Amino acid sequence: MENNLTLFNTLSRKKETFQPIKPPHVGLYVCGPTVYGDPHLGHARPAITFDILFRYLNHLGYKVRYVRNITDVGHLENDADEGEDKIAQKARLEEIEPMEVVQYYTDRYHNYMQALNVKPPSIEPRASGHIIEQLEIVKEILDKGYAYEKNGSVYFDVEKYDKDHKYGILSGRVLDELLSTTRELEGQSEKRNSFDFALWKKATPTHIMRWPSPYSDGFPGWHLECSAMSAKYLGNEFDIHGGGMDLLFPHHECEIAQSVAAHGNTPARYWMHNNMITINGQKMGKSLGNFITLEEFFTGNHKLLDKAWSPMTIRFFILQAHYRSTVDFSNEALQAAEKGFQRLMDALQQIEKIKPGDTTTFDIEHFKSKCYAALNDDLNSPILIANLFEGAKAINGAVAGKVSFTEDDLATLRELMHLFSGDILGLETEDKSDAGDSEVLDGVMDLLLQVRQQAKKAKDFDTADRIRDGLKALGIEVRDSKDGAEWEVK
RNA sequence: GGUCGGUUGGCCGAGUGGCUAGGCAGUGGUCUGCAAAACCAUCUACGGCGGUUCGAAUCCGCCACCGACCUCCA
């Protein structure tokens, strides 16, 4: 299968032409959420980034198996010995079953991803449902001598691994430096070295999430689930592994070490990392107290927000920045995104009003190739959007009689605009009116605008303006044009 | 301290060795009864200092500032 898609591979720190291992199949694995809290803006970024990749690969004709996990075992809160499982902690605080916590936040995550028009992955495996697979990897790594058991827990021997393979190929970390920078944190650990990480942890008596194993009643280590589940559903070597930049080290580095130790090869060929979201220039994070949940965004119920911002505004805003750049949130920037998005959506509707002419004065082929070129250049969504605005300009120009399209070219333009903005970027008009009332509303509006038209004819502008201003106060915008008035619920 | 990345006009945000990014905001105009929308035109740039080059915002060096990772995080 032919494509010109290039992707920035964190492993090589270069853009590389994308070539799947077994075309037309593509295996894509993305680290999903840990479901112990409400979904926030940070969850939206990778979900949307890899949604675009998923949609585009499908468009190119690949058969994509997209696996995005749900982490429901919970990582440890602190240093291993003192640490507590996040989900278990939440469950204890709320006096419910851990799986109730997991179910609640998983549902919330799904609802908000749907609102953002993020397509569900092909498979969404849960860590808790793959304990057996994880234990198999623990055994393999132990058998091959890259792990050791201590008091019922199993740790990965990074030093030994580093001698035979190289630890740090993804993040560029050097073991000696890690040793010197983490020495202070070392306590009375069971670990031989501070940078060793747990493959299996023995549960303390109060730890409620636990499973039996040959080593102890316990739970799998921090990084193991992704190795186990990606291998199970995509094979020991698959095409693309994605996630947030914050997962690059140690999470993905450890994943690579585990997979190499167990299976002999790096799990994925291409590693893609989306950058972080910042708020007023600073990373959004729980510990910084500046994180905003998606619910807060959609309702405007947060002290940093001037008003509610719709899911599509947020999607559009995120796509206006390249996925490897940080994107800074502010009310001013969101306002600009909201208006820009509206302009694009309005233009898409205006296509239907264009009357075909004898000639075409817009270079559609050039437009098309520029759009593909943008996507092929490491999913450059901001450039694609800039191109779509050029399309929008041509559409508006045609409505204004300054640009002309033949019937065929008009159909092509319509198709391309919908393809790139709708199918690939997933941008869709948000219906703000209640669907059930729309028929009645349409009738009422027609009537009102007829009355207004009559008033205007009779030069009774007081009445005409009263209708327009009154509707505006109700959130309905009236726009006059040569062929009569249009209206829109704002 | 180590590693990596960034610094673009009022705001957000692309990109590139010489040719308009784009959106939002502003200004002037067309259209309109007036608006709105749309269209046309237009203004604000590439952190600082050196170097390479015919030419650098774009490549190199130094400096300043900001951020990320090194601990859970998307």
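The chains referred to below are lettered A, B, ... by the order of the sequence lines, with proteins before strands, and numbering in each begins at 1. Here the structure is a predicted model, which means the values were calculated and not measured.
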Given B/rA14, B/rC4, B/rA74, the nucleotide with the shortest approach to the side chain of A/Ile383: B/rA14
Return the nucleotide paired to B/rC62: Watson-Crick means purine N1 to pyrimidine N3 with N6-O4 or O6-N4, wobble means G-U with N1-O2 and O6-N3, both under 3.5 Å. B/rG48
Between the protein and nucleotides 35-43 of chain B, list the N/O to N/O atom pairs that are separated by less than 3.5 angstrom.
unit_1	atom_1	unit_2	atom_2	d
B/rA35	N6	A/Asp480	OD2	3.4
B/rA35	N1	A/Asp480	N	3.4
B/rA35	N3	A/Arg468	NH1	2.9
B/rA36	N1	A/Asp480	O	2.9
B/rA38	O3'	A/Asn396	ND2	3.3
B/rC39	OP1	A/Asn396	ND2	3.3
B/rC39	OP2	A/Arg343	NH1	3.2
B/rC39	O2'	A/Lys402	NZ	2.5

Have a look at A/Leu388 and say if it touches a base, only the backbone sugar-phosphate, or nothing, with a 4.0 Å heavy-atom cut-off. nothing
Taking a pair to mean Watson-Crick or G-U wobble geometry with both distances below 3.5 Å, B/rU20 pairs with none
note: A/Leu175, atom CG; B/rC70, atom P; distance rounded to Å ~ 16 Å
Is atom CD of A/Gln114 surrounded by more than 12 heavy atoms (other residues, nucleotides or ligands) closer than 6.0 Å? no
Considering just the side-chain nitrogens and oxygens of A/Thr34, establish if one lies under 4.0 Å of OP1 or OP2 belonging to B/rA74. yes
Which nucleotide sits closest to the side chain of A/His40: B/rC34, B/rA74, B/rG2? B/rA74
Nucleotide paired to B/rG1 in any strand shown, Watson-Crick or G-U, under 3.5 Å: B/rC70
Name the nucleic acid region contacted by A/Ala336, choosing base, sugar-phosphate or nothing; use a 4.0 angstrom heavy-atom cut-off, strictly under. base
Distance, C1' atom - from B/rC46 to B/rA57, rounded to whole angstrom: 4 Å
Rounded distance [0.5 Å steps], CE in A/Met284 versus CZ in A/Phe291: 7.5 Å
Rounding to an integer number of angstrom, what distance separates B/rA41 and B/rA56 when you compare their P atoms? 30 Å
Whole angstrom is fine here: how far is it from CD1 in A/Ile314 over to P in B/rA74? 17 Å
Considering only atom C1', compute the distance from B/rU52 to B/rU3 and round it to an integer number of Å. 29 Å
Taking any strand in view, what nucleotide pairs with B/rG28 in a Watson-Crick or G-U wobble way, both distances under 3.5 Å? B/rC40
Counting N and O atoms only, with roles assigned by atom type, does the side chain of A/Glu296 sit under 3.5 Å from a partner on the main chain of A/Thr293, one being a donor and the other an acceptor? yes
May I have the distance from A/Glu332 (atom CD) to B/rG13 (atom C1'), rounded to whole angstrom? 13 Å
B/rG33 base stacked by A/Phe461 (centroids within less than 5.5 Å, tilt under 30°): yes
Distance check needed: B/rA14 P versus A/Glu390 CD, whole Å only. 18 Å
When the P atoms of B/rG23 and B/rA38 are compared, how many Å lie between them, rounded to an integer? 11 Å
Using a strict 4.0 Å threshold on nitrogen-to-oxygen distance, state whether A/Glu428 and A/Arg315 make a salt bridge. no
Gap between atoms CD and P, on A/Gln335 and B/rC12 respectively (whole Å): 15 Å
Using heavy-atom distances to pick each residue's nearest nucleotide on RNA chain B, tell me which of A/Asp328 and A/Ser171 is more 5'. A/Ser171
Between B/rG47 and B/rG6, how far apart are the two C1' atoms, rounded to whole Å? 11 Å
Are any of the side-chain heavy atoms of A/Cys226 and A/Cys31 separated by less than 4.5 Å? yes
Counting any heavy atom closer than 4.0 Å, what does A/Gly340 reach on the DNA or RNA strands: base, sugar-phosphate only, or nothing? sugar-phosphate
When rounded to the nearest 0.5 angstrom, what is the spacing between CE in A/Met245 and OG1 in A/Thr326? 9.0 Å
Against the side chain of A/Asn380, the closest entry in B/rG13, B/rG15, B/rG22 is B/rG15
Using atom P in both nucleotides, what's the gap between B/rG2 and B/rC54 to the nearest angstrom? 38 Å
Test of ring centre spacing under 6.0 Å for A/Phe298 and A/Tyr112: yes
Examine A/Tyr155 together with A/Phe197 and report whether their ring centres are nearer than 6.0 Å. no
A/His252 NE2 - B/rA68 P separation (whole Å): 19 Å
CD of A/Gln320 versus P of B/rC11: gap in Å, rounded? 16 Å
Between A/Ser325 and B/rA14, is there a contact of a side-chain N or O with OP1 or OP2 at under 4.0 Å? yes
Please state the C1' separation for the pair B/rC65 and B/rC49 - nearest whole angstrom. 15 Å
Rounded to whole angstrom units, what separation is found between the CG atom of A/Asp377 and the C1' atom of B/rG22? 16 Å
Look at all strands and tell whether A/Phe317 reaches a base, only sugar-phosphate, or nothing, counting heavy atoms closer than 4.0 Å. sugar-phosphate
Do NZ/NE/NH1/NH2 and the carboxylate oxygens of A/Glu477 and A/Arg468 come within less than 4.0 Å? no
Determine the interatomic distance between P on B/rG9 and the same-named atom on B/rU44; round to the nearest Å. 13 Å
Residue mapping more 5' on RNA chain B - nearest nucleotide basis, A/Ala464 or A/Arg45: A/Ala464
Closest to the A/Lys283 side chain, choosing from B/rG33, B/rG23, B/rA68: B/rA68
Using only side-chain N and O atoms of A/Asn275, determine if any of them is under 4.0 Å from OP1 or OP2 of B/rG5. no
A/Asp480 and A/Arg452 ion-paired at < 4.0 Å: yes
